[in-house]
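One structure is given here, and the rest of the page talks about it.
Numbering of residues begins at 1 and proceeds along the displayed sequence.
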Amino acid sequence: MALRRFTMGQDKQGQRVAFHTLGCKVNQYDTEAVAELFSHHGFDVVDFSESADVYIVNTCTVTNMGDRKSRQIIRRAARQNPDAVVVVMGCYAQVSPEEVAGIEGVDLVVGTNERSRIVELVQEFMTSGQQLSFVNDVFRSREFEDLPITQFNGRTRATIKIQEGCNEFCTYCKIPYARGRSRSRRPESVAAEVNRLEAAGFREVVLTGIHLGAYGRDLEPQQELADLLERLAQGTGLPRIRISSIDPHEITPRFVEVLVDNPSICRHLHVPLQGGHDAVLTAMRRRYTLAEYRRVIEMVKAAVPDIGITTDIIVGFPGESEEHFAHGLDFVEEIGFSRLHVFRYSKRAGTPAAKLPDQVPSVVKQERSHKMIELGNRLATMFHSKFLGRQMSVLFEHPVETGTASVLADTDLAGKDSGCLWEGLTDNYIRVVAPADETVSGRIVPVKLTYAAAELVTGQIKKNCE
């Protein structure tokens, strides 16, 4: 690539950097950590829509759509300020560095490791004007790259990344190739960040990772996620600790015991199902059967009343027959999930599933997706309805957003001034909207639930702005 000239001075003070993040909570955390590195070096962090000296796009590659959206945002950054430095980091950059480097306007490509050097690399590019690609073999990484966040905006819920990488290699997934082997953050580092979050006024932390249930297996001495949860619950006054996801075979009796004994651990588990038939789970290379999944959920529900169980499920996986899909519908209804995240299978080049026979036609995948979503909405409404008339503790986050306001048209809050409505979460992951003002922001408030819909529940608190 030809040498580029820059009019920006070498002094970073006053230069502006903007970020755009695609994908999961782990990516969101990574962006926040990198943004803090730039702030420490004198950069002003601005909105991505503004003119900036440096644009950083944190990419996703979990689906073909993730790749496509990443390319769109990269090109948008290059158009917004042709003189700016365009940096691409994250999963898409890791697995397809040459493809990313070939996008017009890209100056620096960084993968999913060694991000602590990103400011240095940007400065190196500013000096040389020569495109740089800094993408390592991620499978050589054996240590968690600890990029703690010490500055926080807002006072509601915060995400903490405690684990990186995945050893599972499900046949449909590229993430192990983007993130490498499982690595765990030291428990003392996690505890220190939780303490900073509590001191900053946060009321809930969400522990996240690429394969969270693998936490601690690589540490010396070896630990498990339950050990960390117990340490955090007993070592802090934080009212809520939530885990983002855990596979069924990682929910042990010890894990359930810690959940029961520590009320600050949220009564909500996201337990990916992915396939609704054992034949499909085997083809996916998942490490459990439906019978094992059922036993685990029954154990959890017996121990933790009112727990919310959410899940992911993929429809249209290669070889999924009508019988398999119908079996999956029955199983999902039997379990009684509180919320479903439904995905249509997306063929990913380089994964074993892409080469499997009996690929399901797009129109069939679409039909199955609609049916599963309809079931998910019905199950969510049933779960929400269980709590009508009851008082639940809600952590209020922000005024209602545009998407939420449109849902309220069919509820008992129809016609209310949206500026007088706030939304938040119960500990078992029910989204609640109630009349309130800004004094509820970041507070956990008792709310009597009054109306149930699939997307949310409405309620009333004692002090509001009616």
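- Listed by chain and number, the residues in a ring pair (Phe, Tyr, Trp, His ring centres under 6.0 Å) with Tyr429 are His268 (sequence neighbours excluded).
- Remark: of the listed residues His270, Arg339, His341, His270 is the sole one forming a side chain to side chain donor-acceptor pair (under 3.5 Å) with Thr310.
- A salt bridge is absent between Lys301 and Glu298: the closest approach of a Lys/Arg side-chain nitrogen to an acidic carboxylate oxygen does not fall below 4.0 angstrom.
- Atom CD1 of Ile241 and atom CD of Glu198 lie 9.0 Å apart (nearest 0.5 Å).
- Note that CZ of Arg285 is 8.0 Å distant from SG of Cys170, once rounded to the nearest 0.5 Å.
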**Q.** Glu168 and Arg287: CA distance, side-chain angles, deciding distance, salt bridge (charged side-chain N to carboxylate O under 4.0 Å, His left out) verdict
**A.** CA-CA 9 Å; Glu168 298 296 286; Arg287 297 176 184 267; 2.7 Å; yes
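- Taking a cutoff of 4.0 Å between a charged side-chain nitrogen and a carboxylate oxygen, Glu320 and Lys365 do not qualify as a salt bridge.
- Salt bridge present: Arg348 and Asp67 bring a charged side-chain N and a carboxylate O closer than 4.0 Å.
- Ionic pairing of Glu164 and Arg115 is present here: one or more N-O contacts between side-chain nitrogen and carboxylate oxygen are shorter than 4.0 angstrom.
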Q: Take Asp306 and Arg267, measure what side chain to side chain contact (heavy atoms under 4.5 Å, CB included) needs, and give me the verdict at the end.
A: CA-CA 7 Å; Asp306 296 337; Arg267 298 174 301 163; 3.6 Å; yes
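- Remark: Lys347 pairs with Tyr345, Ala354, Gln359 by the side-chain contact (heavy atoms from CB on, under 4.5 Å) rule, at least two apart or across chains.
- Taking the ring centroids of Phe169 and Tyr177, they lie under the 6.0 Å cut-off.
- With respect to the salt-bridge test (charged N to carboxylate O, under 4.0 angstrom), the residues Asp427 and Arg240 do not qualify.
- Using a 4.0 Å cut-off between a side-chain N of Lys or Arg and a carboxylate O of Asp or Glu, Arg181 and Asp218 do not qualify as a salt bridge.
- Checked for salt-bridge contact, Glu397 and Arg203 miss the test: no charged N lies under 4.0 Å from a carboxylate O.
- Salt bridge annotation for Asp30-Arg179: present, with a cationic side-chain nitrogen under 4.0 angstrom from a carboxylate oxygen.
- With respect to Asp146 and Arg183, no salt bridge is recorded, no charged nitrogen being found less than 4.0 Å from a carboxylate O.
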Q: Mind running side chain to side chain donor-acceptor pair (under 3.5 Å) on Arg68 and Gln72 for me, showing each step along the way?
A: CA-CA 6 Å; Arg68 185 157 59 249; Gln72 291 171 349; over 6 Å; no
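- Between Arg286 and Asp247 there is a salt bridge, since at least one side-chain N of the basic residue sits less than 4.0 Å from a carboxylate O of the acidic one.
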Q: Assess whether side chain to side chain donor-acceptor pair (under 3.5 Å) is satisfied between Ser264 and Asn262, documenting all intermediate values.
A: CA-CA 6 Å; Ser264 61; Asn262 295 277; 5.6 Å; no
